[in-house]
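Worksheet: the structure to be examined is printed underneath.
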Amino acid sequence: REPEEKPIYINIELIGGGYYGGIDPVLRDYIQIKSSGRLIKEFKSISNGLIVTKKDIPREELEQFAEFIISQKYFEMERIYDCTSAICQKRKQEKPTPIPLRLSVAYGQRKKVITVPIWGKDESNAQYINYPVSLDNIIDAIQRMAHRRE
């Protein structure tokens, strides 16, 4: 009998992003996809409190998603994409306060955390930080997985 091959370790965490403010400010926005395929989404806002959603992602889909992340050159990206302009530095201090986005991906022995202090567009539809479009593709895919109805 051959020993069973252990599946490659995969762990994905998406924390923050967006802006703190509005009618119901967000206190926590956290998505984790564990190697087992367990997806946990924690969303906490001032009025609605903490909402935890859990679901299972099939291993095959998780592996395909990990391959997608690699194809988007995630492990070749910078660790931090920060402001390069005075307008961007100023925006960090203004309301609604930007919530830094952190994306952590572990695949086998490789692990990388990417931070973007101002992720996404604000109310004036401005994007302050120049980061690869492929990062948006990965984040969008994680959010679609987390919000998908089973």
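Note that these values count all heavy atoms, side chains included, but never hydrogens, waters or copies made by symmetry.
Pairing each heavy atom of I31 with each of A146, the nearest pair is CD1-CB, 3.6 Å. Nearest approach of M145 to F65, heavy atoms of both residues: CE-CG, 3.3 Å.
Looking at L50 and R28, their side chains come closer than 4.5 Å, going by heavy atoms from C-beta outward. The shortest distance between side-chain heavy atoms of V105 and K112 does not fall below 4.5 Å. Within the 4.5 Å cutoff, side-chain heavy atoms of Q143 are placed close to those of I139. Residues L27 and Y20 have side chains in contact (heavy-atom distance under 4.5 Å, counting atoms from C-beta outward). Proximity of R59 to L62: side-chain heavy atoms (C-beta onward) are separated by under 4.5 Å at one or more points. M77 places a side-chain heavy atom less than 4.5 Å from the side chain of S134.
Evaluation of the side chain to side chain donor-acceptor pair (under 3.5 Å) rule for E78 yields no partner, not counting sequence neighbours.
In terms of hydrophobic clustering, with Ile, Leu, Val, Met, Phe, Trp and Tyr side chains grouped at heavy-atom distances under 4.5 Å, I40 and L103 are assigned to different clusters. Linking Ile, Leu, Val, Met, Phe, Trp and Tyr residues whenever their side-chain heavy atoms come within less than 4.5 Å leaves Y81 and V133 in two separate clusters. By the criterion of side-chain heavy atoms lying less than 4.5 angstrom apart, applied directly or through intervening Ile, Leu, Val, Met, Phe, Trp or Tyr residues, Y74 is grouped together with F68 in one hydrophobic cluster. In the hydrophobic clustering of this structure, I69 does not group with V113; members are Ile, Leu, Val, Met, Phe, Trp, Tyr whose side-chain heavy atoms approach within less than 4.5 Å, directly or through other members. I99 and V116 end up in different hydrophobic clusters when Ile, Leu, Val, Met, Phe, Trp and Tyr side chains are linked at under 4.5 Å.
For the pair E61 and K55, the salt-bridge criterion is not met [side-chain N within less than 4.0 Å of a carboxylate O].
A distance-only check finds a donor-acceptor pair linking the side chain of S35 to the backbone of I10 [under 3.5 Å].
Residue T97 holds its OG1 atom at 10.5 Å from CD1 of I118, rounded to the nearest 0.5 Å.
The side-chain hydrogen bond (donor to acceptor under 3.5 Å, both in side chains) test with N11 is passed by exactly one of K111, Q32, K34: Q32. No option in T115, L14, I15 other than L14 meets the side-chain contact (heavy atoms from CB on, under 4.5 Å) test with L101.
Counting non-hydrogen atoms of neighbouring residues, nucleotides and ligands closer than 6.0 angstrom, the CD1 atom of I23 reaches no more than 12 such neighbours.
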